[in-house]
Amino acid sequence: MPDQTGSTPVTERRIVRERGARKQAEQLLEQKSRELYLTNRELQEMALNLENLVDERTDELKVARDEAMAASHAKSAFLANISHEIRTPMSSIIGMAELVLHSPMAIEQRQHVQLILDSARSLLTIINDILDISKLESGKFQLEVEEFDLFELLDNVVEILGIQASDKRLEIGAIPANGLPARVIGDPVRLRQILLNLLGNAVKFTSHGEVRLRVEVDDYSGDRVRLFFEVEDTGPGISPEHQDSLFDKFSQVEGGHTRRHHGTGLGLAISKNLVECMEGEINFQSQPSQGSCFWFKVMLKIPEVTLSADHSPARGKSVALLTTNPFLSESVPALLSSLGAEVSLLADLESLHAVRERERAFDLLLVDHLTLCEIDPDLNLRQAIEQHGSINTVLLNWINSTVCDKLGSWATRINRPLTRRKLMDILTPVVSPGSHAYVSKGGEGETRVRRILLAEDVPALQLVMKAILERQGYTVDIANDGNEAIEAVRSQDYGMILMDIQMPEVDGISAAREIRMLPDPSKASIPIIALTANAMKGDQDTYLVAGMNDYLSKPVDNRKLDEALMRWFVDTPSK
Ligand code: ADP
């Protein structure tokens with residue numbers, strides 16, 4: 001029954017029950033909120049801790065990174081220093097061995113000294129490789145920027161590797177595509193180094209066949225040109241499992257052919273670094289037993305003003321090439337057309353006669369002596385040409401080849417490897433009749449006695465340099481340190497000073513500065529060439545700022561010394 005408020009006992013019970021339930025729910029909510037609050041606080045604390053931990057770790061990592069960078073810099077500084085320390089005695093060993101080889105000796109002794117020289121040179125190559133890779137990795141490396149002759153560089157690398165290649169009867173040569181710029185701006189020394197590495201490997205690993213160096217323009221953009229170089233060989237190739245790591249440092253294909261060859265395993269790693277410095281890329285294709293083909297692209301600049309020198313000196317001349325050799329058929333025409341000449345390829349005597357009959361006169365006939373011996377064992381060609389009498393004939397020969405001895409003195413010969421320079425030399429009498437390509441330069445030299453001051457503190461190097469310079473007809477005075485050098489210049493006239501950088505008491509840089517301030521202008525302006533075992537880029541600028549004119553790295557390369565003497569003695573009055 002309803003009470004006075006109108007509610008029944010059933011409704012009341014339900015209300016009480018609902019209140020109880022709500023209270024319970026509220027308590028549960030409160031408890032959960034408290035738990036949530038506590039968890040949240042815990043999470044905040046953890047986040048804070050984590051942040052602190054991350055900060056701490058970041059600081060630790062920064063310290064570790066700074067330490068690693070300092071260690072890496074210390075490593076390169078150490079390497080630069082140690083390389084100086086190693087190069088100085090190496091210079092003495094190489095210089096002395098070269099000197100001794102110039103003196104009369106028994107055959108056996110000569111072989112021993114040659115071995116010392118070869119070992120010292122290969123040790124120096126290893127040291128240079130290690131120094132290079134450390135310079136590249138330490139970020140201290142900078143490319144030179146200078147204008148150079150691209151064709152001369154190609155000739156140079158082919159000549160250098162040509163000796164080794166000819167010993168193995170390997171064909172080697174550059175194949176320049178049409179339209180290559182004759183002069184470019186970049187770092188010729190480093191480009192040469194990449195090419196020597198790739199060509200050196202190709203010659204080293206190939207036992208028969210050919211090594212081709214193809215060069216072409218990949219792309220022109222504004223005043224820049226991207227060049228494409230390709231070194232293809234007919235060597236053993238590289239198996240797929242070794243291909244991935246080939247550009248890694250110290251990577252050499254184990255076992256197999258590699259063990260028979262020397263090498264540091266640094267050449268390709270250095271080349272890759274250098275190519276990347278030149279905004280390029282490097283890669284290769286290779287199949288076992290099918291040879292390898294390494295290629296790279298580099299960006300160079302084209303000089304604004306093209307030099308007036310004629311880069312197609314044989315323009316309009318026509319040359320016939322008699323050969324069945326596929327390598328010569330590709331490389332010789334490419335080299336000749338880079339000189340501007342027109343080339344007709346002849347594979348047999350009939351085609352030669354046919355061309356002659358059509359009265360097509362050639363300015364020059366190049367004959368591959370092996371093809372000739374094959375297709376014309378009775379030497380009918382020789383007779384035919386001798387009867388005709390007029391055509392200039394040149395035999396393309398191998399060094400020390402006896403195959404064509406029966407040809408006697410018929411025709412001029414040029415030895416492989418064929419380069420643009422050699423072809424130019426044989427074309428010279430054709431291009432400008434009256435001149436002689438083979439004029440001996442001996443005998444006409446003037447004997448001006450010229451005096452050089454050599455400032456160098458290491459006695460062994462004094463001896464070597466003095467002997468080399470004296471052999472070339474210079475008078476040499478020695479100064480043992482910078483002070484002695486300044487004194488010598490005050491009291492004597494010199495045509496040139498070769499100044500070591502690191503000397504006791506007064507070093508080369510300070511001595512050069514003092515000499516530049518001498519009151520007598522003729523003394524203050526003597527050419528000073530720095531001699532340095534420390535070949536780091538940047539040092540060179542210091543020498544030039546100190547008033548030096550040029551620098552030579554130790555061990556002094558005879559050719560570079562000659563070039564420096566030529567450069568700085570020109571126009572210097574004889575003393
Ligand atoms: P190195 O020649 O001093 O050993 P590189 O870095 O120049 O070092 O070459 C690494 C390795 O790659 C070589 O040892 C050789 O196994 C392999 N290689 C390079 N070029 C050739 C090639 N043209 N033919 C066959 N193998 C090659």
To the nearest 0.5 Å, atom CG of Leu552 lies from atom CG of Leu531 at 6.0 Å
State whether a side-chain donor-acceptor pair under 3.5 Å links [X] with [Y].
X      : Y      : value
Gln193 : Asp132 : yes
Asn480 : Gln462 : yes
Asp118 : Gln114 : yes
Ser338 : Arg420 : yes

Ile126 vs Leu266 side-chain heavy atoms within contact, under 4.5 Å:
no
pair Asp248-Ser245: side-chain heavy atoms closer than 4.5 Å
yes
Can you tell me how the ring of Phe284 sits relative to the ring of Phe247, calling it parallel under 30°, perpendicular over 60° and tilted otherwise?
tilted
Side-chain donor or acceptor of [X] paired with backbone N/O of [Y] under 3.5 Å:
X      : Y      : result
Asp233 : Ser292 : yes
Arg190 : Asp187 : no
Asp500 : Met503 : no
Thr234 : Glu210 : yes
Thr323 : Asn325 : yes
His369 : Leu396 : yes
Ser122 : Ser119 : yes
Gln243 : Ser286 : yes
Lys466 : Leu454 : no

Neighbour count >12 (heavy atoms, 6.0 Å) for atom CD, Glu505
no
Can we say Lys523 and Asp493 salt-bridge, meaning some charged N sits less than 4.0 Å from an Asp/Glu carboxylate O?
yes
Inspect the contact between Arg192 and Glu152 and indicate whether a charged nitrogen and a carboxylate oxygen are less than 4.0 angstrom apart.
no
If we check side chain to side chain donor-acceptor pair (under 3.5 Å) with Glu230, which of these qualifies: Arg214, Lys297, Gln285, Arg212?
Arg214
For Glu171, all residues meeting salt bridge (charged side-chain N to carboxylate O under 4.0 Å, His left out), sequence neighbours excluded
Arg416
Sequence-distant partners of Ser510, side-chain contact (heavy atoms from CB on, under 4.5 Å), two or more places apart
Val506, Asp507
